[in-house]
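Within every chain, numbering begins at 1; the chains are lettered A, B, ... in the order of the sequence lines, protein sequences first and strands thereafter.
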Amino acid sequence: MFRRIFLSAAAALTAVTALTACSSGAPEEAPEEEEEGSAQTLTVSDPDYYTRFKGKGLSINVYNWGEYISTGADEGTLDVNGEFEKLTGIKVNYTNYATNEELYAKLKGGGAAYDVIIPSDYMISKMIKEKMIQPLDFSNIPNFEYIMENFRNQAYDPENAYTVPYTWGTVGIIYDTTMIDIPPEEIDWDLLWNEDYADQILMFDNPRDAFAIAELMLGYSLNTEDPEELEQAAFKLRQQKRIVQGYVMDEVFDKMEAGDALIAPYYAGDALTILEGNEDLDFVVPKSGTNLFVDAMCIPSNARQKEAAEMYINFMCEPDIAFANIDYICYSTPHSAAFEMLDEETRESHVSYPDEDFIRDKTTVFVNLSDEANKKMQDLWTEMKSAEDENTNKWITPIFLIFCVALMIFVLIRRHIKAKKDIF
Amino acid sequence: MKLKYFSAPYLVWMVVFIVVPLLMIAYFAFTNDDGGLTIKHISDVGQYANIFVRSIWLSLVATAICLVVAYPVSFILSRMEKHKQGTMLMIVMLPMWMNFLLRTYAWMTLLGNNGIINHLFGLVGMGPFKLINTSGAVVLGMVYNYLPFMILPLYSVMEKIDKSLFEAASDLGCSSGKTLLRVVIPLSMPGITSGITMVFVPAISTFIISRMLGGGSNLLIGDLIEMQFLGNAYNPHLGAAISLVLMVIILVIMTVMNQFDPDDQVLM
């Protein structure tokens with residue numbers, strides 16, 4: 001998932017618009033006064049808890065997605081890491097990654113000891129299975145009580161022993177309302193297979209998300225490991241390939257905003273940012289169901305400062321901090337108090353916060369697949385992507401071979417001539 | 001012999017950052033997760049033959065286009081007055097001052113369906129054409145990005161060809177076509193081979209150009225390797241095996257190329 005790389009670039013340029021971006025196209029006059037009037041402030045529930053390590057010169061290493069925490073760059077917002085350092089005296093070494101896989105590769109390769117990481121659902125279950133993260137001591141994280149019931153004990157961590165959810169979101173379809181004449185209630189995943197919009201459709205450039213859409217259409221589980229079902233899904237994607245303009249991740253921001261394509265599936269939080277850039281666009285989460293993704297805070301097994309890390313996680317769950325973060329990131333929050341602090345527009349937005357019933361019944365969270373299933377999916381994906389249109393495939397290989405043979409013959413003849421010359 | 005000591009920093013650098021990583025790639029390619037020896041990953045590479053063929057093909061095409069475009073440019077450049085040469089060379093180098101990613105990103109905007117080029121076509125009532133997300137766009141990206149690497153070695157070789165050689169050739173009755181064939185091309189052969197190497201090698205292993213301009217459906221070897229490390233199925237062993245095979249292919253192609261180098265004659 002590359003979803004946040006772009007944000008880092010975009011935010012650098014448009015740091016000012018970040019606040020308004022969250023309010024999902026809200027009328028501009030209304031909320032602005034309130035926002036300016038109320039600068040974010042911080043009150044913590046139990047100040048004593050946080051001062052335990054003061055003066056000990058501790059430091060923790062936090063490894064998070066890019067642009068995934070409130071930095072206080074906008075006026076009136078909180079600098080979360082700075083506040084934590086001020087409050088606890090623990091120094092935060094904060095670094096970024098761009099994909100779950102990058103995080104995994106870094107941890108797996110060893111040599112890097114992080115104290116807090118924030119991977120996504122399927123990566124969490126993979127890390128639990130490989131014992132790369134350790135159970136949390138929830139007595140050190142009293143603020144866990146704020147986490148909504150819906151987001152506890154998720155499939156990736158059924159006992160909820162390892163994780164504290166940080167953000168969540170759904171996958172839906174961004175589409176151009178001026179060109180696509182279908183009422184939003186009727187839009188479903190088959191729009192991405194609609195021949196009428198050939199060459200105007202973008203698709204996820206990572207196998208897990210792309211297969212999920214095909215599996216949703218076929219009515220399979222999003223976590224299926226059945227080779228037969230995976231083949232079927234790959235076949236579905238292959239049918240789609242002909243009408244897909246391109247397989248993209250972050251490029252979707254540019255392409256949709258510029259009107260280069262009409263339809264693209266993407267993550268809800270980012271979709272709001274894209275919608276800000278082009279008012280013809282709209283975003284819909286298909287009623288037939290979708291993938292729900294959760295990013296949650298964990299502590300790696302080789303963490304050096306477990307208690308301080310738990311303190312950091314608890315701090316992130318302070319209502320004021322959780323609100324400051326979600327206000328900055330624009331994803332959805334699993335934190336009940338932070339949710340209450342959001343403005344009404346956002347709370348009732350179907351993009352950020354769909355009905356609870358829908359979330360419970362129609363969404364699925366990814367869990368890690370077995371190594372065989374992952375490999376199968378990767379192979380099918382590579383095969384699907386590298387398959388050529390039939391007419392080109394026919395001549396490329398033979399011409400290439402002929403070229404090689406001709407080259408060799410030429411070289412041999414040349415050598416022969418040279419050798420002859422040398423005799424005289 | 002004191003000079004030897006001056007090369008020590010580079011030797012250390014080379015061992016630590018070139019030789020050791022190469023050995024590690026070879027080690028990874030031939031081992032399993034549990035450290036046992038295996039050739040499974042190497043033989044698995046076979047299933048990606050079509051991606052290899054496409055990568056080699058596209059980078060050969062890009063190299064050929066670079067050569068055809070760069071050869072006359074370098075020749076004209078090398079025959080200019082000295083002070084003009086400097087300015088012209090700077091113009092050749094100018095795009096390289098900008099970040100590689102940024103340049104490729106700019107092509108995305110130019111070639112898009114609503115991009116500038118299609119917009120211009122639209123003004124005269126043509127198009128829109130499908131420009132981006134094609135293998136042509138990938139070749140274009142390669143040519144654009146690597147053209148200076150062809151021009152520079154060609155220019156530096158041609159600059160050294162003495163003007164009197166051309167005069168001698170025409171004195172002895174050579175037509176200009178024959179001068180080109182008998183004088184310019186043989187003398188610029190070292191430039192041609194090093195230019196081809198410098199364009200072909202980065203072109204065959206690129207992945208960002210095909211990702212950005214190929215729309216993700218024109219997989220090249222570089223993409224394939226990247227997918228093994230940062231994709232869904234984390235498989236550094238297969239990734240290392242593909243890299244190793246790619247290195248061998250490049251080595252073979254370079255050996256063939258070197259057959260054209262006139263220096264060989266001396267050696268043989």
Side-chain angles (χ1 to χ4, degrees), chain A residues 98-99 101-102 104-105 108-109 122 126 199-200 202-208 211 241 244-249 251 254-255 258-261 369 371 374-379 381-388 392-393 396-397 399-401 403-404 407-408 410-412 414-415 418-419 421-422, chain B residues 33 44 47-58 60-61 64 105 108-109 111-115 118 128 130 132-135 137 211-220 223-224 226-236 238-239 252-253 255-260 262 264-265 268:
Chain A
T99 68
E101 285 69 25
E102 187 184 333
Y104 178 83
K108 199 75 183 170
Y122 70 96
K126 184 177 179 130
D199 220 25
Q200 297 291 345
L202 298 175
M203 190 65 182
F204 277 120
D205 192 19
N206 79 65
R208 196 72 205 261
F211 270 74
K241 188 183 179 190
V244 168
Q245 187 190 93
Y247 293 88
V248 295
M249 293 304 295
E251 295 94 324
D254 269 6
K255 296 203 180 216
D260 266 349
L369 304 179
D371 287 350
N374 257 331
K375 187 175 177 322
K376 178 91 188 164
M377 189 184 273
Q378 184 80 45
D379 287 349
W381 174 251
T382 315
E383 196 185 307
M384 188 280 290
K385 284 235 293 186
S386 63
E388 293 261 5
T392 46
N393 200 17
I396 277 196
T397 321
I399 284 191
F400 175 68
L401 286 177
F403 180 80
C404 285
L407 202 68
M408 290 310 284
F410 184 69
V411 169
L412 287 176
R414 228 183 108 93
R415 274 193 156 178
K418 260 190 207 169
K421 268 187 190 162
D422 284 351
Chain B
D33 274 338
D44 276 354
Q47 58 185 310
Y48 303 116
N50 60 338
I51 298 179
F52 274 86
V53 171
R54 183 189 304 132
S55 295
I56 297 172
W57 173 247
L58 290 186
L60 277 179
V61 170
Y105 212 79
M108 274 175 70
T109 334
L111 296 175
N113 284 353
N114 284 340
N118 264 326
K130 186 177 165 61
I132 203 164
N133 303 338
T134 58
S135 42
R211 157 112 37 96
M212 290 170 110
L213 300 178
S217 47
N218 285 285
L219 278 192
L220 298 187
D223 301 277
L224 195 62
E226 194 240 1
M227 274 163 80
Q228 305 310 320
F229 289 94
L230 294 174
N232 246 30
Y234 175 70
N235 194 348
L238 182 59
V252 168
I253 294 178
T255 324
V256 172
M257 274 314 304
N258 283 340
Q259 300 297 324
F260 296 97
D264 264 12
Q265 266 171 324
M268 276 197 296

Cut-off 4.5 Å, heavy atoms of chain B, and the answer for A/Met203 is neither
Contact part of B/Leu224 toward chain A, heavy-atom cut-off under 4.5 Å: side chain, backbone, both or neither?
side chain
Sub-3.5 Å donor-acceptor pair from the side chain of B/Asn114 to the main-chain atoms of A/Gly259, do we have one?
yes
Max heavy-atom pairs within cutoff under 4.5 Å with chain B, candidates A/Glu251, A/Lys108, A/Gln245, A/Lys376, goes to A/Gln245
Taking all non-hydrogen atoms of both residues into account, name the closest pair between A/Asp260 and B/Asn113 and its distance.
OD1-N, 3.4 Å
How long is the gap from CG on B/Leu219 to CD on A/Glu383, to the nearest 0.5 Å?
11.5 Å
Proximity breakdown for A/Lys255 and chain B, heavy-atom pairs closer than 4.5 Å:
side chain
Among the options A/Val248, A/Asp199, A/Asp379, pick out the one with the most heavy-atom pairs lying under 4.5 Å from chain B.
A/Asp199
Quick one: what part of A/Ala105 sits under 4.5 Å from any heavy atom of chain B, side chain, backbone, both or neither?
both
Value for CG (B/Asp223) from NZ (A/Lys385), rounded to nearest 0.5 Å, stands at 7.0 Å
Under 4.5 Å to a heavy atom of chain A? For B/Ile132 that would be side chain
Using side-chain contact (heavy atoms from CB on, under 4.5 Å), reason through B/Gln47 and A/Thr382 one step at a time and then give a plain yes or no.
CA-CA 10 Å; B/Gln47 58 185 310; A/Thr382 315; over 6 Å; no
